[in-house]
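The next block holds one structure in the form of structure tokens; read it before the comments.
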Amino acid sequence: MRDELTRRRFFELGLALPLPFVAARWLRASDARALPPTKECDDHPTDANALGPFWKPRSPKRRVLRKPGIRGTPLLLTGTVYSTACRPLAGAVLDFWQADGRGVYDNSGFRLRGHQVTDGNGRYRLATVLPGLYSGRTRHIHVRAKAPGGPVLTTQIYFPGVGRNESDGLFDPDLLVKWASGSNRRRARFDFVLQH
Ligand code: FE
């Protein structure tokens, strides 16, 4: 019964997926060594940020959003989802959507849209492209995140050193990724802290 309720709840959220399962091998050990944590985990949940007009329900379940023909600089975003008690959260759902390198969303299909479930160590891994700028907005990736049994966090994540950050009214410096050193701005880390 509980499983059925959980499943129905995901559908209500538009995160239609089978029950969370553990995919243990999708974060290589080398990634973990190369990328320092974005922030110290504390009991402060990740800030919320606007949903925006382009979210679509029922995104595909996938970690690789970068496909042939999609414009933009390759970007690998990884991180860990923590509870407010700083425990890694397995089975958390992350639903990502973003513009391509030219600042264009796919609103008729599901290009650059996908959800995934954190592994047994609370980790996620998103292979995508660096989102482009569009009218009034700095560079950002949208995400809806939900720990098992917790509320949905709707937020956006941002990139350091983008001139438009300061003039974007939605920009939040607490939502900046951290670039991996030596990655030439192609690998970044962001950790989430979710209510659980
Ligand atoms: Fe947007």
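One-based numbering, in listed order, for ligands and for the atoms of each.
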What protein atoms of element N, O or S are positioned under 2.8 Å from the Fe ion (ligand 1)?
-> Tyr105 OH, Tyr134 OH, His140 NE2, His142 NE2
Note, Phe171 side chain near Leu176 side chain (heavy atom, < 4.5 Å) = yes
In this structure, which one of Lys146, Arg123, His196 forms a side chain to side chain contact (heavy atoms under 4.5 Å, CB included) with Leu89?
-> His196
For Tyr124 and His115, run ring pair (Phe, Tyr, Trp, His ring centres under 6.0 Å): C-alpha distance rounded to whole Å, both residues' side-chain angles, the deciding distance at 0.1 Å, then the answer.
-> CA-CA 10 Å; Tyr124 74 93; His115 71 266; over 10 Å; no
Side-chain ion pair, Arg137 and Asp168, N-O less than 4.0 Å | yes
Aromatic ring proximity, centroids under 6.0 angstrom, Trp179 and Phe159 |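 Yes, the ring of Phe159 comes within the 6.0 Å limit of the ring of Trp179, centre to centre.
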Would you check if there is a donor-acceptor pair between the side chains of Tyr158 and Asn49 at a distance under 3.5 Å?
-> yes
